[in-house]
**Q** 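Quick one: the structure is below, questions incoming.
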Number of protein chains: 2
Amino acid sequence: MSKSTQREDHLKALYALAHGHASTWVSTSQMAVHLGVKPPSVTAMVQVLSELGWAEHRPYHGARLTATGRKLALSLVRKHRLWETFLVQRLGFGWEEVHDIAEQLEHVDSLELVERLDAYLGHPKSDPHGDPIPKADGTFHPEGEICVLADLDPVVRCKVKGVRDGSDDTLSAMSARGISLGSTLLPEDITTFPVTWLDQLLVCKAQE
Amino acid sequence: MSKSTQREDHLKALYALAHGHASTWVSTSQMAVHLGVKPPSVTAMVQVLSELGWAEHRPYHGARLTATGRKLALSLVRKHRLWETFLVQRLGFGWEEVHDIAEQLEHVDSLELVERLDAYLGHPKSDPHGDPIPKADGTFHPEGEICVLADLDPVVRCKVKGVRDGSDDTLSAMSARGISLGSTLLPEDITTFPVTWLDQLLVCKAQE
DNA sequence: TTGGATTTTTAGTCACGTCTAAAAATGCAC
DNA sequence: GTGCATTTTTAGACGTGACTAAAAATCCAA
Ligand SMILES: [Mn+2]
Ligand SMILES: [Mn+2]
Ligand SMILES: [Mn+2]
Ligand SMILES: [Mn+2]
């Protein structure tokens with residue numbers, strides 16, 4: 001309910017600054033820089049998003065998306081990237097010219113429009129900048145988005161793409177279990193990992 | 001400058017309710033009905049448009065577009081109808097489904113976008129509802145829009161499409177000069193007409 | 001031409017989203 | 001641990017664009 005260009009752009013900022021990792025807290029000042037407004041404005045808006053159930057706000061700590069908020073953010077990213085694709089692929093814009101226009105088009109409200117546009121463009125998997133286009137259900141194509149292992153729901157086979165905040169100890173412990181960049185993790189192994197790892201391992205879904 | 005969806009929609013309402021005749025005064029309550037808001041809201045907005053130099057407001061009488069306002073309104077109508085054409089022609093929407101979506105798309109701000117869209121669609125002359133699409137310079141294709149003779153600038157050869165507020169006397173006086181529905185008026189004749197006729201004769205430009 | 005109904009504007013309020021200035025919380029250096 | 005610099009939130013204000021209620025202008029009918 002209750003959409004608006006501003007709410008939507010704040011939601012997107014939250015998503016973007018967490019690099020798509022729903023578990024990451026984002027500071028209001030980070031968002032302020034990203035959005036080109038002052039921090040108090042972001043605080044106010046984050047409180048609104050929180051009331052709408054789209055974000056969680058821990059005062060003096062930061063904000064992060066709820067599951068609902070993430071879905072909305074993804075639908076915005078989807079629209080943004082589909083429009084960018086349209087502008088480049090069909091209207092012949094240069095890839096560097098399309099961001100600001102898509103920034104406006106993404107707020108046009110019509111599910112039917114997005115789905116028809118997607119079909120018209122041949123269900124593209126990525127936008128002109130190479131960024132992946134979320135599917136209508138909010139998931140990415142396989143080999144799509146990188147996320148924190150904790151965010152993998154349901155837990156499926158995935159590939160290690162990086163480690164966040166890994167101390168030497170952690171890294172060697174992971175190595176000892178056969179985990180390294182590019183290695184594949186199986187659901188049955190993941191359940192036996194130390195819980196702290198779940199927030200540290202950056203992964204993407206592996207092909208079946 | 002200082003555009004906004006609301007200002008733009010009021011501008012369009014003014015244009016639409018005057019049936020494109022820049023000389024016609026439109027009441028604020030008419031606009032209110034058209035826009036789905038209350039009359040005081042329209043009064044306030046019309047005063048803003050007046051400050052911006054886009055409309056003229058004669059209190060307790062009505063509002064009408066200035067030359068600048070008319071140009072802006074025409075560019076909005078152009079965008080609206082081009083997007084409608086895109087939605088039907090390219091995305092396969094039914095012609096009855098596209099109005100509300102175009103109502104949003106028309107506010108996207110990018111000259112480049114409009115012109116590329118126009119070219120992409122093959123410079124269509126009319127939208128899916130048969131309404132003419134203004135050209136980028138704010139004029140219509142020949143045989144396009146009907147206007148009051150007084151609005152013809154410059155005065156060119158045109159065809160009579162109707163008479164507004166014509167008393168029997170006026171009509172017979174016109175007949176006496178050889179004027180009837182469909183007859184062609186030449187610039188040199190027009191200059192000899194009684195001035196009152198200029199606001200009564202509805203015409204459209206005739207092919208050269 | 002006068003009075004009442006109707007239309008339109010003004011006055012005052014509100015929600016939204018922004019700002020600046022001040023207060024509060026945090027966290028880092030010593 | 002205390003104190004100070006930094007970050008963040010709160011407080012208070014403003015502009016936009018909506019509303020309702022009241023006042024003003026207009027129109028029309030007797
Ligand atoms: Mn945007
Ligand atoms: Mn992109
Ligand atoms: Mn509109
Ligand atoms: Mn149309």
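These values consider heavy atoms only, across backbone and side chains, with no hydrogens, waters or symmetry-generated copies. Chain letters run A, B, ... following the sequence lines, proteins first, then strands; residues in each count from 1.
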**Q** Could you list the residues that satisfy ring pair (Phe, Tyr, Trp, His ring centres under 6.0 Å) with Tyr120(A), not counting sequence neighbours?
**A** none
**Q** For dT18(C), does OP1 or OP2 lie under 4.0 Å from any side-chain N or O of Gln6(A)?
**A** yes
**Q** According to salt bridge (Lys or Arg N to Asp or Glu O under 4.0 Å), who are the partners of Glu51(A), at least two apart in sequence or on a separate chain?
**A** none
**Q** At under 4.0 Å, does any side-chain N or O of Ser4(B) touch on OP1 or OP2 of dT16(D)?
**A** no
**Q** Could I get the full list of salt bridge (Lys or Arg N to Asp or Glu O under 4.0 Å) partners for Glu106(A), not counting sequence neighbours?
**A** Lys12(A)
**Q** Would you please say whether a donor-acceptor pair under 3.5 Å links the side chains of Glu84(A) and His80(A)?
**A** yes
**Q** Can you pull out the residues from residues 99-109 of chain A that lie within a 4.0 Å heavy-atom distance of DNA chain C?
**A** none
**Q** Within this structure, what is the CG-to-P distance between Leu49(A) and dC16(C), rounded to whole angstrom?
**A** 13 Å
**Q** Which whole-number value in Å describes the distance from Lys38(A) NZ to dT7(D) C1'?
**A** 15 Å
**Q** Ignoring backbone atoms, test whether Ser41(B) places a side-chain nitrogen or oxygen under 4.0 Å from the OP1 or OP2 oxygen of dG17(D).
**A** no
**Q** Which residues pass the salt bridge (Lys or Arg N to Asp or Glu O under 4.0 Å) test with Glu97(A), not counting sequence neighbours?
**A** none
**Q** Ser175(B): what forms a side chain to side chain contact (heavy atoms under 4.5 Å, CB included) with it, not counting sequence neighbours?
**A** none
**Q** Mind checking what makes ring pair (Phe, Tyr, Trp, His ring centres under 6.0 Å) contact with His129(B), not counting sequence neighbours?
**A** Trp95(B)
**Q** Go through the structure and list residues passing salt bridge (Lys or Arg N to Asp or Glu O under 4.0 Å) with Asp131(B), not counting sequence neighbours.
**A** none
**Q** Within the sub-3.5 Å range, which N or O atoms of nucleotides 8-11 of chain C have a protein N or O partner, and how far apart are they?
**A**
from: dT8(C); atom 1: OP2; to: Ser29(B); atom 2: OG; distance (Å): 2.1
from: dT9(C); atom 1: OP1; to: His57(B); atom 2: NE2; distance (Å): 2.5
from: dT9(C); atom 1: OP1; to: Tyr60(B); atom 2: N; distance (Å): 3.3
from: dT9(C); atom 1: OP2; to: Thr28(B); atom 2: OG1; distance (Å): 2.9
from: dT9(C); atom 1: OP2; to: Thr43(B); atom 2: OG1; distance (Å): 2.7
from: dT9(C); atom 1: O4'; to: Tyr60(B); atom 2: OH; distance (Å): 3.4
from: dT10(C); atom 1: OP2; to: Gln47(B); atom 2: NE2; distance (Å): 2.7

**Q** Glu8(B) CD to dT16(D) P: how many Å, rounded?
**A** 16 Å
**Q** Check side chain to side chain contact (heavy atoms under 4.5 Å, CB included) between Thr139(A) and all other residues, then give those that pass, not counting sequence neighbours.
**A** Lys135(A), Asp137(A)
**Q** Please report how far the helix from dT1(C)-dA30(D) to dC30(C)-dG1(D) bends, comparing the axis fitted to its first five pairs with the axis fitted to its last five, to the nearest 10 degrees.
**A** 10°
**Q** Please enumerate all residues that pass side chain to side chain contact (heavy atoms under 4.5 Å, CB included) together with Ser75(B), with sequence neighbours excluded.
**A** none
**Q** Rounding to an integer number of Å, can you tell me how far Lys3(B) NZ sits from dT16(D) C1'?
**A** 18 Å
**Q** How many Å lie between CE on Met45(A) and P on dA15(C), as a whole number?
**A** 16 Å
**Q** Let me know the distance between CE of Met31(A) and C1' of dT7(D), rounded to the nearest Å.
**A** 16 Å
**Q** Just do the side-chain hydrogen bond (donor to acceptor under 3.5 Å, both in side chains) check on His107(A) and Asp9(A) with the steps written out, would you?
**A** CA-CA 9 Å; His107(A) 303 289; Asp9(A) 279 341; 3.1 Å; yes
**Q** Using whole Å, report how far CH2 of Trp25(B) lies from P of dT26(D).
**A** 14 Å
